[in-house]
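Here's the structure, in structure tokens; my notes come after.
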There are 2 protein chains.
Amino acid sequence: MNYAEFKNILEIREENLYRDVYLENQDAIRIKKEATAVKNFEKIFNSVFEITYEKGFQAMTMRDLSCHTKLSLGALYGYFSGKEELLAIIHKQGNSMIRKIFGQFYDPQANPVEQLRTLIKAHMFLSESARPWFYFTFMEARNLTPTGREAVLSMEEYTENMLLEILEAGETEGIFIKRDHVMTASLIKAMQQDWYLKRWKYKKRGITVDTYTEYLIDFTISFISL
Amino acid sequence: MNYAEFKNILEIREENLYRDVYLENQDAIRIKKEATAVKNFEKIFNSVFEITYEKGFQAMTMRDLSCHTKLSLGALYGYFSGKEELLAIIHKQGNSMIRKIFGQFYDPQANPVEQLRTLIKAHMFLSESARPWFYFTFMEARNLTPTGREAVLSMEEYTENMLLEILEAGETEGIFIKRDHVMTASLIKAMQQDWYLKRWKYKKRGITVDTYTEYLIDFTISFISL
DNA sequence: GTCTATACACAGATAGAC
DNA sequence: GTCTATCTGTGTATAGAC
């Protein structure tokens with residue numbers, strides 16, 4: 001599987017994603033027509049990602065967002081009750097999307113090496129196709145309420161644990177060297193995250209997500225293989 | 001060399017650091033007595049790091065800083081002309097400190113394996129002893145002026161290039177496998193950064209900087225060694 | 001649903017007494 | 001050098017017309 005194939009498999013379309021946002025917050029928002037809401041949520045989210053990438057969420061003013069979305073200040077408040085809620089909605093939606101898609105790529109039948117490859121790829125390709133979301137989650141987690149913050153940390157542990165289980169299974173089956181798998185899993189995650197945190201660097205160098213992913217997998221496998 | 005030994009070698013004392021801040025900004029600040037300035041700069045910097053770790057620099061108000069340092073608003077403005085300048089001073093000082101100390105640990109005589117070990121350790125231990133600074137630089141780079149931002153990126157490239165040169169030398173000498181050294185260097189950096197970005201995680205697990213560093217070195221060496 | 005105009009709070013920054 | 005009191009700008013959020 002490469003990135004292009006991944007995107008084909010991915011059945012979740014952007015549009016459905018914003019429909020979810022609308023449906024899950026239906027009581028909190030004033031807008032009643034689904035089509036309008038979906039269209040504008042997409043605009044709003046993308047604008048937030050773009051502005052926030054430049055200066056961070058706190059520094060983004062509602063007026064910035066208004067200019068960027070070409071919706072007036074008053075109109076914006078039809079879609080969420082305040083800036084803080086907007087942040088929460090974005091995070092929540094991102095979280096649930098990521099969990100949903102990860103599930104699709106877990107195959108307990110495959111051998112550990114294949115499982116590891118698939119999991120690393122799934123994470124890399126997902127973070128590529130929803131990069132603004134991943135970047136945002138990482139950088140803006142601090143601004144969340146304690147509950148929201150915990151959700152982010154628990155996501156980190158959740159994905160790391162999937163790696164950990166595979167590594168342990170591999171050792172048990174005698175395929176992988178005995179190592180400190182907790183450390184290995186942490187380091188893999190660190191390298192995965194670098195891809196979306198340093199977008200500018202890899203873009204400048206013309207490194208694609210496919211190249212990066214293969215290299216990361218080689219790096220890892222060479223360390224744990226007998 | 002382990003972390004304890006590193007700290008002994010490190011000749012730069014905290015106090016000297018804040019003296020530098022005072023001396024380099026002497027014309028811009030109202031305070032004339034060195035002792036007072038040094039003492040309060042230390043308080044101010046540490047407060048900024050602490051508050052910012054929780055909510056980010058933008059979200060930190062001057063009143064927050066005033067409470068935390070136990071200096072009044074008016075007094076604070078004796079030490080810097082405004083919030084933006086404060087940010088710039090912190091970044092600038094961090095940058096120059098890091099470059100200065102890195103220089104100390106570069107030994108072109110040693111063989112590539114030793115050079116690599118030393119360089120990775122120097123970076124890890126430095127980032128540990130000045131962790132707030134590293135974390136701050138990473139997370140708040142976005143808020144800098146374009147010039148300041150470039151300084152951060154150039155630091156990233158500077159340290160990465162040192163790794164790169166060692167890897168290439170090692171290949172030339174026939175000690176390391178032929179690989180995409182640019183990619184390897186990037187991944188090493190990614191793993192180094194994870195240490196100070198995810199402090200909470202490693203602390204919770206009781207992983208020390210020495211353990212982490214040794215593991216990272218093993219990981220790397222096993223990939224590039226013949 | 002979207003707009004403009006505006007209320008209100010709060011942040012950054014300064015003045016001037018001590 | 002440090003304080004308190006205060007000015008001024010700007011940001012979030014709402015009211016009410018269209």
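In this text, all values refer to a predicted model and were calculated from it rather than measured experimentally. Chain A is the first sequence line, chain B the second, and so forth, proteins listed ahead of strands; every chain is numbered from 1. When reading the values below, keep in mind they use all heavy atoms of this one structure, side chains included, and skip hydrogens, waters and symmetry mates.
- Computed from coordinates, the B:Leu86 CG to C:dA11 C1' distance equals 15 Å when rounded to whole Å.
- Counting to the nearest Å, the P atom of D:dG9 and the CE atom of B:Met62 are 19 Å from each other.
- Distance CD1/B:Ile98 to OG1/B:Thr137: 5.5 Å, rounded to 0.5 Å.
- Per the geometry, CE belonging to B:Met60 stands 18 Å off P belonging to C:dC10, to the nearest Å.
- Nucleic acid contact class of A:Leu71 (heavy atoms, under 4.0 Å, all strands): sugar-phosphate only.
- Protein atom CD of B:Gln58 is 15 Å distant from nucleotide atom P of D:dT10, rounded to whole Å.
- Taking only side-chain atoms of B:Ser72, from C-beta outward, the nucleotide of D:dT4, C:dT2, D:dT6 with the closest atom is D:dT4.
- The nucleotide whose nearest atom lies closest to any side-chain atom of A:Arg63 is, among D:dT12, D:dT2, C:dG12, D:dT12.
- Among the atoms of the strands shown, none is found under 4.0 Å from any heavy atom of A:Asp64.
- Listed pair B:Tyr77 / C:dA15 fails the phosphate criterion, with no side-chain N or O lying under 4.0 Å from OP1 or OP2.
- We find that A:Arg117 and A:Glu214 are joined by a salt bridge, their nearest charged nitrogen and carboxylate oxygen being less than 4.0 Å apart.
- Here A:Gly78 lies out of heavy-atom contact (under 4.0 Å) with every strand.
- Residue B:Trp195 forms a ring pair (Phe, Tyr, Trp, His ring centres under 6.0 Å) with just one option from B:Tyr212, B:Phe134, B:Tyr215, B:Tyr3, and that option is B:Tyr212.
- Between the CZ atom of A:Phe80 and the P atom of D:dT12 there is a distance of 10 Å, rounded to whole Å.
- When distances are taken from the side chain of A:Thr61 to each of C:dT14, D:dT12, C:dC3, the shortest belongs to D:dT12.
- For the pair B:Glu5 and B:Lys121, the salt-bridge criterion is not met [side-chain N within less than 4.0 Å of a carboxylate O].
- Note: CG (B:Leu73) to P (C:dA11) measures 10 Å, nearest angstrom.
- If you take CD1 of B:Ile44 and P of D:dT2, they are 9 Å apart, rounded to a whole angstrom.
- Looking at the side chain of B:Ala75, the nearest of the listed nucleotides D:dC3, D:dG11, C:dA11 is D:dC3.
- Residue A:Ile31 is the one, among B:Ser81 and A:Ile31, whose nearest nucleotide of DNA chain C lies closer to the 5' end (criterion: closest heavy atom).
- Look at NZ on B:Lys83: it is 13 Å from C1' on D:dG11, rounded to the nearest Å.
- Counting non-hydrogen atoms under 4.0 angstrom, B:Lys70 reaches the backbone sugars and phosphates but no base.
- A cation-pi contact, defined as under 6.0 Å to the ring centre and within 45° of the axis, is absent between B:Arg199 and B:Tyr135.
- Considering only the side chain of B:Tyr79, D:dT2 comes nearest among C:dG12, D:dT2, D:dA13.
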